Amino acid sequence: MQRQLANMKQSLFDQLEELQDDANPNFVEEVVTLYYRDSARLVQNIDKALEKNPVDFVKLDSYMHQFKGSSSSIGAKKVKIECTQFREYCRVGNGEGCKKTFQQVKREYATLRKKLEAYFQFARQVGPVEKACRRK
């Protein structure tokens, strides 16, 4: 189980976890929780903006810029890539491209959420032993 946890850590957010210490042992989980609160609001705003006619591409791009930045900050590379594609469609005024890409953004986002939930579940089971083995 510790090997699984180590592999998940390596692929998700090593740099973020390095900021966690004894003074704030739940730092990463708190940051991820804030990410999900903020990103849920942004996803909802993007959904609503995509329903409007005409589509306000400037507003959509602004929402996605925020979502991309938040995703980057926790190491969500696949979400970030899809956000970049969405923003490109905004720049050229392609509403259908935005809608199609946003579905992919949401799939990657859901996949990330599942991985992070599994990570935190494993981390709780492993407990302080893993922290003692953490790379410097």
Side-chain angles (χ1 to χ4, degrees):
M1 187 171 0
Q2 285 185 340
R3 184 176 298 142
Q4 263 185 310
L5 180 62
N7 290 339
M8 291 173 79
K9 276 175 45 180
Q10 199 169 26
S11 65
L12 291 175
F13 47 83
D14 278 342
Q15 292 176 346
L16 184 61
E17 193 173 49
E18 287 177 9
L19 299 174
Q20 184 166 290
D21 59 19
D22 292 338
N24 197 353
N26 299 320
F27 177 75
V28 175
E29 194 164 4
E30 290 169 11
V31 168
V32 170
T33 299
L34 291 172
Y35 166 75
Y36 278 111
R37 275 191 213 143
D38 189 49
S39 58
R41 175 188 55 82
L42 290 167
V43 166
Q44 186 176 34
N45 289 343
I46 294 166
D47 267 328
K48 287 179 184 176
L50 283 170
E51 292 172 5
K52 296 197 179 199
N53 194 5
V55 173
D56 184 344
F57 291 106
V58 173
K59 185 178 279 189
L60 272 175
D61 186 58
S62 176
Y63 290 145
M64 191 55 74
H65 177 73
Q66 292 173 52
F67 189 54
K68 180 182 171 186
S70 297
S71 299
S72 293
S73 72
I74 67 160
K77 293 175 188 174
K78 290 181 181 180
V79 175
K80 179 187 168 200
I81 290 167
E82 294 302 326
C83 291
T84 300
Q85 181 62 54
F86 182 97
R87 293 190 70 208
E88 190 57 40
Y89 283 126
C90 283
R91 285 188 190 100
V92 298
N94 184 337
E96 286 306 311
C98 286
K99 289 176 184 178
K100 182 180 174 186
T101 304
F102 190 51
Q103 295 309 309
Q104 186 61 29
V105 168
K106 291 194 287 187
R107 280 191 288 276
E108 293 296 345
Y109 176 73
T111 299
L112 173 68
R113 186 174 196 124
K114 286 178 188 174
K115 287 181 180 181
L116 289 173
E117 286 171 356
Y119 168 80
F120 289 121
Q121 184 178 0
F122 281 132
R124 284 185 210 103
Q125 290 174 359
V126 173
V129 173
E130 180 62 22
K131 290 178 184 174
C133 299
R134 190 172 64 190
R135 286 182 280 159
K136 299 272 181 194

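Model, not experiment: these values are computed from the prediction.
- Atom CG of Leu60 and atom CG of Asn45 lie 10.0 Å apart (nearest 0.5 Å).
- Side chains of Cys98 and Leu50 form a contact here, defined as non-hydrogen atoms less than 4.5 Å apart.
- Taking the side chain to side chain donor-acceptor pair (under 3.5 Å) definition, one finds that Lys80 meets it with nothing, sequence neighbours left out.
- The ring-ring contact (aromatic ring centres under 6.0 Å, His included) analysis of residues 49-72, with sequence neighbours excluded, yields the pairs Phe67-Tyr109.
- Here Tyr35 contributes atom OH and Leu42 contributes atom CG; the two are 9.5 Å apart, rounded to the nearest 0.5 Å.
- Within the structure, side chain to side chain donor-acceptor pair (under 3.5 Å) pairs that include any residue of residues 49-62 comprise Asp61-Arg87 (at least two apart or interchain).
- Under the side chain to side chain donor-acceptor pair (under 3.5 Å) criterion, Tyr89 pairs with no residue, sequence neighbours left out.
- The stretch residues 93-106 participates, sequence neighbours left out, in these side chain to side chain donor-acceptor pair (under 3.5 Å) pairs: Asp47-Lys106, Gln104-Arg107, Gln104-Glu108.
- Thr84 is linked by a side chain to side chain donor-acceptor pair (under 3.5 Å) to Lys68, counting only residues two or more places apart in sequence or in another chain.
- Annotation: side chain of Val28 is in contact with side chain of Phe120 (closest heavy-atom distance under 4.5 Å).
- For residues 36-46, the set of pairs meeting the salt bridge (charged side-chain N to carboxylate O under 4.0 Å, His left out) definition, not counting sequence neighbours, comprises Asp38-Arg41.
- A search for salt bridge (charged side-chain N to carboxylate O under 4.0 Å, His left out) contacts involving Arg113 returns Glu117, not counting sequence neighbours.
- Every residue meeting the side-chain contact (heavy atoms from CB on, under 4.5 Å) condition with Glu30, not counting sequence neighbours, appears here in chain and number order: Asn24, Asn26.
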